[in-house]
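Data block below; observations after.
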There are 2 protein chains.
Amino acid sequence: MNIQKLIDKGLKLKSYPKDSVIYEPGMQPRYVYFIKSGEIRMVTVSDEGKEFIQGVFKTGQYFGEPALLINRPYLAFTIANKDSQIIAVNKEDFFELIKNEPDFSMDLIRTLSNRLFYKSMMLEELASEKADHRLLTIINYLLNDVAVGENLKVTRQELADMTGLRVETVIRGTKTLAEKGLIRTIKGKIIKV
Amino acid sequence: MNIQKLIDKGLKLKSYPKDSVIYEPGMQPRYVYFIKSGEIRMVTVSDEGKEFIQGVFKTGQYFGEPALLINRPYLAFTIANKDSQIIAVNKEDFFELIKNEPDFSMDLIRTLSNRLFYKSMMLEELASEKADHRLLTIINYLLNDVAVGENLKVTRQELADMTGLRVETVIRGTKTLAEKGLIRTIKGKIIKV
DNA sequence: TTTTTAACATGATGTAGATCATAAATTAGT
DNA sequence: ACTAATTTATGATCTACATCATGTTAAAAA
């Protein structure tokens, strides 16, 4: 989706400083959020305060549609990872977009399919595989978007929050994977090979 | 989507006897499958042979689109839970459907959103919550489609395969939940109240 | 450069749930 | 109604990972 188009339509940009919350679980969805700049994480938090990263959204991407489309309260928090600029598109405008912009409609379908693929993959991991296997799976998944020789810009804590593991387990796990030669690390950094 | 329309278009119906496999992980997707009758389960199987139920699809529903749309090999098995009749719609016809039938396009978007909602919910559970909490969550989710007074037509093994738990854990867990009054059971059957 | 803060590291111990074993109760098939 | 096959049930033990504690290294901030 072309963000500029939305701005041209007169939709206003809103700024969210790092760590500010865009929406919370339980809120009734009213908008779909398009990211002009910045980065957003979508997280659920358990009763005991454990965070799970449901997804990370970057410049040019949008989030919050599923809850709006099926008209159910949000399950997750969305929080700015960096200072971000976001356009909130209301329900009517969003439905217009789907109806009148076939390209957007197709893009949405592909986007939802991609997220579904990721979640299916992670569900299988969390349901059936043990720590090291899980770890290797997200690491490889994340390495897809990394150039050869570059390193993963993700902390062990973030890996933990994406896999449902604990930091200590991730630290020990990456060590084991590196020893087994399943990943490459340099000074702790995980490198795409 | 109206299945009859697909039949009228000359697409042929194929029969799958109970327990037969429609597709397997690793296969390149070529069709989207519309269920005329019967029931299909989508499962992933770990290296150690543990099954995880990714979803169950019934008469009138379709499955297999995400992999086709993003052009990635299947992650899961799809297996007939009962004798089933299915129409396989090829890629071109499926894209036609999306382009030319705006109702279908919207239905697809809603369907994908619903599945995403379910998977986000389960991911949070598997990542962060303990056995009994997980159990209560799918039980309540499944009870949505059940009339008051009716019981859940799902075995403990199936609950286990949806939550990543073991049968014994599910058996002990449902007992605890019933004792705490969080669910109602009659002779082991879980009743919607 | 020094100080502060965040990230990584490692050992010791505890525990939820897996695993193993065995049996009772339902349900399905004949 | 009888037998076979599932499903539910329950106890005993085992284990992967969480939890707790404490330290080191690396990266920001001052």
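Sequence lines set the chain letters: A, B, ... in the order given, protein chains first and strands last, and positions in each chain run from 1.
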Hey, what do you get for [atom1] ([X]) to [atom2] ([Y]), rounding to the nearest 0.5 Å?
X: A:Glu179; Y: A:Thr185; atom1: CD; atom2: OG1; value: 9.0 Å
X: A:Arg184; Y: A:Lys192; atom1: CZ; atom2: NZ; value: 14.5 Å
X: B:Met121; Y: B:Ile138; atom1: CE; atom2: CD1; value: 8.0 Å

All side chain to side chain contact (heavy atoms under 4.5 Å, CB included) counterparts of [X], not counting sequence neighbours:
X: B:Lys187; answer: none
X: B:Lys36; answer: B:Ile3, B:Ile7, B:Leu13, B:Gln85
X: A:Leu182; answer: A:Leu136, A:Leu177, A:Lys180
X: B:Lys82; answer: B:Glu39

**OP:** Check the pair B:Ser46 / A:Glu129 against side chain to side chain donor-acceptor pair (under 3.5 Å), numbers first and verdict last.
**Re:** CA-CA 7 Å; B:Ser46 78; A:Glu129 307 290 358; 4.5 Å; no

Original post:
Passes ring-ring contact (aromatic ring centres under 6.0 Å, His included), A:Tyr62 versus A:Phe104? Steps please.
Top reply: CA-CA 12 Å; A:Tyr62 42 87; A:Phe104 175 69; 5.6 Å; yes

Rounded distance (Å) that lies between atom [atom2] of [N] and atom [atom1] of [X]:
X: A:Leu152; N: C:dC8; atom1: CG; atom2: P; value: 11 Å
X: A:Arg166; N: C:dT10; atom1: CZ; atom2: P; value: 20 Å
X: A:Ile186; N: D:dT25; atom1: CD1; atom2: C1'; value: 17 Å
X: B:Glu51; N: C:dA18; atom1: CD; atom2: C1'; value: 18 Å
X: B:Lys189; N: D:dA9; atom1: NZ; atom2: C1'; value: 14 Å
X: A:Glu179; N: C:dT10; atom1: CD; atom2: C1'; value: 13 Å
X: A:Gln157; N: D:dA18; atom1: CD; atom2: P; value: 11 Å
X: A:Leu165; N: C:dA16; atom1: CG; atom2: P; value: 18 Å

Original post:
Quick one: hydrophobic cluster around A:Tyr74, which other residues, with the 4.5 Å side-chain cut-off, linked directly or via members?
Top reply: A:Tyr16, A:Ile22, A:Tyr23, A:Met27, A:Tyr31, A:Tyr33, A:Ile35, A:Ile40, A:Met42, A:Phe57, A:Phe63, A:Ile86

Subject >> Side-chain hydrophobic cluster, 4.5 Å single linkage: members besides B:Val193 >> reply: none

**OP:** Starting at the 5' end of DNA chain D, write a dot or bracket for each base, bracketing those in Watson-Crick or G-U wobble pairs whose two distances are under 3.5 Å and using | for partners on another strand.
**Re:** ..||||||||||||||||||||||||||||

Any protein N or O atoms within reach of nucleotides 28-30 of chain D? Criterion: under 3.5 Å, listing atom names and distances.
none

Original post:
Got a sec? Which of residues 168-177 of chain A come in under 4.0 Å of DNA chain D, heavy atoms?
Top reply: A:Glu168, A:Thr169, A:Arg172

Subject >> Of residues 130-139 of chain A, the positions that come close to DNA chain D - non-hydrogen atoms, cut-off under 4.0 Å >> reply: A:Lys130, A:Ala131

Original post:
Is the NZ atom of B:Lys153 crowded by more than 12 outside heavy atoms at less than 6.0 Å?
Top reply: yes

Subject >> Side-chain heavy atoms of B:Lys130 within contact of B:Arg134, under 4.5 Å >> reply: no

**OP:** Please identify each residue that fulfils salt bridge (Lys or Arg N to Asp or Glu O under 4.0 Å) with B:Glu65, with sequence neighbours left out.
**Re:** B:Arg115

Under 3.5 Å between N/O atoms: give me all the protein pairs with nucleotides 23-25 of chain C, atom names plus distance.
none

Subject >> Flag for B:Asn71-B:Lys91: side-chain donor and acceptor within less than 3.5 Å >> reply: yes

Original post:
Do A:Arg41 and A:Glu51 sit within salt-bridge range, that is, some charged N less than 4.0 Å from a carboxylate O?
Top reply: yes

